[in-house]
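Notes to accompany the following structure.
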Amino acid sequence: MAVPAVPFAWVVCGAAQPFLQVIYDVEVPRIAFGRVCLIGDAAFVVRPHAAAGTARAAVDAWSLAGALKRHGDVGAALADGESGQLALGQQLLERTRRISHRSQVDCNWVAGDPELIFGLHGPGA
Ligand SMILES: Cc1cc2nc3c(=O)[nH]c(=O)nc-3n(C[C@H](O)[C@H](O)[C@H](O)COP(=O)(O)OP(=O)(O)OC[C@H]3O[C@@H](n4cnc5c(N)ncnc54)[C@H](O)[C@@H]3O)c2cc1C
């Protein structure tokens, strides 16, 4: 059975006006639409367990800049970068879902578990 974190219980019980902030995942099946594309949070909003939303938005932008340099044509550049950026968003979302399930459903987090280290491409990466 999970042991309650007493200091956190004090904070919650001592709040005069507690509130809940619901966090939703957002994922898309496509990010490139002709000459228009989705990057950053417009494409994927991932629950916070990897603290990687900012890094992912930056990688999307760098990847887009690289594809635009490689291709003369905007549509070709966006199509070129789509599968890699979709895969990155999907793997990050899958990982954060797995971690959050451990913290909030299975309650089997162990302090120091390397899987819990923040990172975009993987723990610590
Ligand atoms: C409370 C909180 C804590 C977070 N903590 C972390 C963290 O610790 N580490 C981490 O990596 N990520 C964190 N994130 C996630 C991170 O902030 C986002 O993933 C990241 O900012 C996404 O960058 P973005 O450029 O896609 O979008 P944004 O940073 O949201 O930028 C979008 C910009 O577009 C502007 N905009 C919107 N509509 C229009 C319009 N019609 N015309 C012109 N401009 C417009 C907005 O004002 C905004 O400036 C956190 C997010 C929240 C909400």
Side-chain angles (χ1 to χ4, degrees):
M1 183 175 147
V3 178
V6 173
F8 288 112
W10 288 340
V11 171
V12 172
C13 295
Q17 184 73 59
F19 67 95
L20 293 177
Q21 171 68 61
V22 178
I23 297 177
Y24 294 97
D25 298 326
V26 174
E27 57 183 318
V28 291
R30 296 176 58 194
I31 58 173
F33 307 85
R35 292 171 53 83
V36 176
C37 73
L38 303 173
I39 64 171
D41 278 9
F44 288 88
V45 179
V46 173
R47 60 190 73 185
H49 298 74
T54 304
R56 207 189 59 73
V59 168
D60 277 356
W62 287 324
S63 159
L64 177 59
L68 288 169
K69 276 187 194 151
R70 284 193 304 279
H71 296 271
D73 176 67
V74 174
L78 300 191
D80 177 35
E82 180 170 40
S83 65
Q85 295 318 106
L86 272 178
L88 182 62
Q90 285 159 351
Q91 69 84 17
L92 178 62
L93 187 51
E94 189 277 326
R95 195 169 112 245
T96 55
R97 283 177 172 158
R98 194 172 63 244
I99 297 171
S100 67
H101 199 273
R102 289 185 58 198
S103 73
Q104 290 157 273
V105 180
D106 297 336
C107 299
N108 63 4
W109 267 22
V110 177
D113 183 337
E115 194 194 20
L116 306 180
I117 299 172
F118 294 157
L120 172 62
H121 298 285

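Excluded from the calculations below are hydrogen atoms, water molecules and symmetry mates; all remaining heavy atoms, backbone and side chain alike, are included. Order of appearance sets the numbers: ligands from 1, and atoms from 1 within every ligand. Nothing here was measured: the structure is a model prediction, and the numbers come from that model.
Atom CG of L88 is separated from atom CG of L120 by 4.5 Å, given to the nearest 0.5 angstrom. Expressed to the nearest 0.5 Å, how far CD of Q90 lies from CG of L92 amounts to 11.0 Å.
Protein residues with any heavy atom under 4.0 Å from ligand 1: G40, D41, A51, A52, G53, T54, A57.
Contact between A32 and E82 at its shortest, heavy atoms only, is N-OE2, 3.0 Å.
The main-chain N or O of A61 is never found under 3.5 Å from a side-chain atom of Q85 such that the two would form a donor-acceptor pair. Remark: the backbone N or O of G119 is paired with a side-chain donor or acceptor of R95 at under 3.5 angstrom. A donor-acceptor contact shorter than 3.5 Å links the side chain of R56 to the backbone of G40.
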